[in-house]
Colleague: 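Have a look at this one before I ask anything.
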Amino acid sequence: MTDVATIFRDHYGAEPEGLWAAPGRVNLIGEHTDYNDGFVLPFALPERVIAAAGRADAGWAVCSDLQGEPVSFDDPGEPGTVTGWAAYVAGVVWALRDAGYEPPPARIALTSDVPLGAGVSSSAALESAVLTALIDLGGLDIPAHERPALAQRGENVYVGAPTGIMDQSASIRCEAGRALFLDCRSQEVEQIPFDVAAEGLAVLVVNSNAPHRHVDGEYGARRKSCEEAARLLGVPALRDVSTDGLDQTLKQLDDEVMRRRVRHVVTEDQRVLDTVALLRSGRIREIGPLMTASHASMREDFEITVAEVDVAVEAALMAGAYGARMTGGGFGGCILALIDADRADAIASAIAEAYAKHGFTAPTPFVAVPSKGATRL
């Protein structure tokens with residue numbers, strides 16, 4: 001990863017006032033439950049976006065080692081004014097202003113080793129790093145629990161990506177060695193022990209290298225279907241639908257596709273709660289079947305997996321993983337597998353061999369370590 005202070009000096013001819021970092025995330029379990037007011041269980045990755053920043057006389061400028069010339073704007077304007085990758089930065093400035101805060105004019109340089117397009121929330125990491133930098137530079141009094149909603153509002157309203165609150169919450173609020181149990185309705189969190197290394201385990205993440213698409217309509221279509229189903233069932237959100245008598249509840253919906261969408265969300269919420277209960281008891285290995293059931297639900301009921309992730313999950317399980325599932329919004333991205341730590345290379349090789357047999361682009365594996373959220377370095 002390029003030294004971000006050097007990028008700042010090269011572009012702006014000055015020293016940054018500080019460095020701030022925010023991580024990507026993987027979601028252990030709880031997919032498409034966040035915008036249904038449900039439960040999620042992400043943890044932060046060691047891979048992160050780092051921002052070097054300093055105050056400016058006026059306006060904002062941002063550059064990146066992944067892009068060309070800096071993008072500057074005197075005012076973020078209305079949503080859509082700043083476009084492209086810099087819209088995520090302008091969206092943070094816009095969201096702060098919209099909430100009544102006055103973010104300081106600033107120059108920002110960014111670098112990242114969070115995989116792009118892999119479903120590990122590179123956009124939330126960028127937003128969270130920039131938000132943390134602007135809060136510190138401006139001396140803004142914004143408690144940690146209020147920050148994810150600001151970053152999310154920037155992405156939802158300014159950028160136009162209909163993500164839930166999970167990604168920004170994980171990037172900002174996670175702790176090392178823990179998974180973040182988040183109630184997406186109350187935004188209450190509990191730090192759940194998840195020290196896999198102490199149990200001789202590891203979480204193997206495999207980037208499927210299949211195209212990952214969120215803003216192309218599929219994610220939004222799932223969200224719209226869930227919201228319409230909640231309206232038809234007369235509940236505030238699908239989080240309020242019980243697993244008890246679920247089959248009878250689903251008969252109230254005429255559309256078979258909508259019934260499957262609801263079944264995934266309701267059962268996925270329960271899988272999160274069951275996973276948390278096991279982790280609280282230190283029974284990490286036993287969460288494996290819940291992970292695998294989650295993947296089956298995403299494949300059959302929510303229909304958001306693709307061939308590459310299905311093959312990767314099946315190969316991981318055949319090679320001895322305790323459980324495996326796709327993580328992220330779907331239609332590409334990563335899988336994660338709970339494995340014995342000394343089996344990481346063997347299971348990664350098994351997945352690569354399965355990919356080769358199918359003629360897929362080779363996957364990219366890495367071992368994920370539950371890490372710290374956004375911070376000043």
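The first residue in the sequence is number 1, and the count goes up from there. Since the structure is predicted, the reported quantities are computational estimates derived from the model, not experimental observations.
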Colleague: Can you see whether S297 engages R271 through a side-chain donor-acceptor pair at a distance of less than 3.5 angstrom?
Modeller: yes
Colleague: Is a salt bridge present between R153 and D98, judged by a nitrogen-to-oxygen distance below 4.0 Å?
Modeller: yes
Colleague: Going by atom types alone, do Q187 and D183 pair a side-chain donor with an acceptor below 3.5 Å?
Modeller: no
Colleague: When you compare the side chain of K224 with that of Y219, does any pair of heavy atoms fall below 4.5 Å?
Modeller: no
Colleague: Will you find, in the side chains of D340 and Y322, an N or O donor that is under 3.5 Å from an N or O acceptor?
Modeller: yes
Colleague: Taking the six-membered ring where the residue is Trp, are the ring centres of Y35 and H32 under 6.0 Å apart?
Modeller: yes
Colleague: Below 4.0 angstrom, N of the basic side chain to O of the carboxylate: do E268 and R325 qualify?
Modeller: yes
Colleague: Distance alone, cut at 3.5 Å: any donor-acceptor contact between the side chains of N27 and T327?
Modeller: no
Colleague: Would one find more than 12 heavy atoms of other residues, nucleotides or ligands at under 6.0 Å from atom CG of D345?
Modeller: no
Colleague: Is there a donor in the side chain of T6 and an acceptor in the side chain of R9, or the other way round, less than 3.5 Å apart?
Modeller: yes
Colleague: Check whether any side-chain heavy atom of V203 lies under 4.5 Å from a side-chain heavy atom of V205, and answer yes or no.
Modeller: yes
Colleague: Between R280, R173, R178, which is the residue that forms a salt bridge (charged side-chain N to carboxylate O under 4.0 Å, His left out) with E190?
Modeller: R280
Colleague: Salt bridge between E227 and R223, side-chain N to carboxylate O under 4.0 Å?
Modeller: yes
Colleague: Does a salt bridge link K372 with E175, judged by any charged N lying under 4.0 Å from a carboxylate O?
Modeller: no
Colleague: Evaluate whether atom CD of E256 has more than 12 neighbouring non-hydrogen atoms of other residues, nucleotides or ligands under 6.0 angstrom away.
Modeller: yes
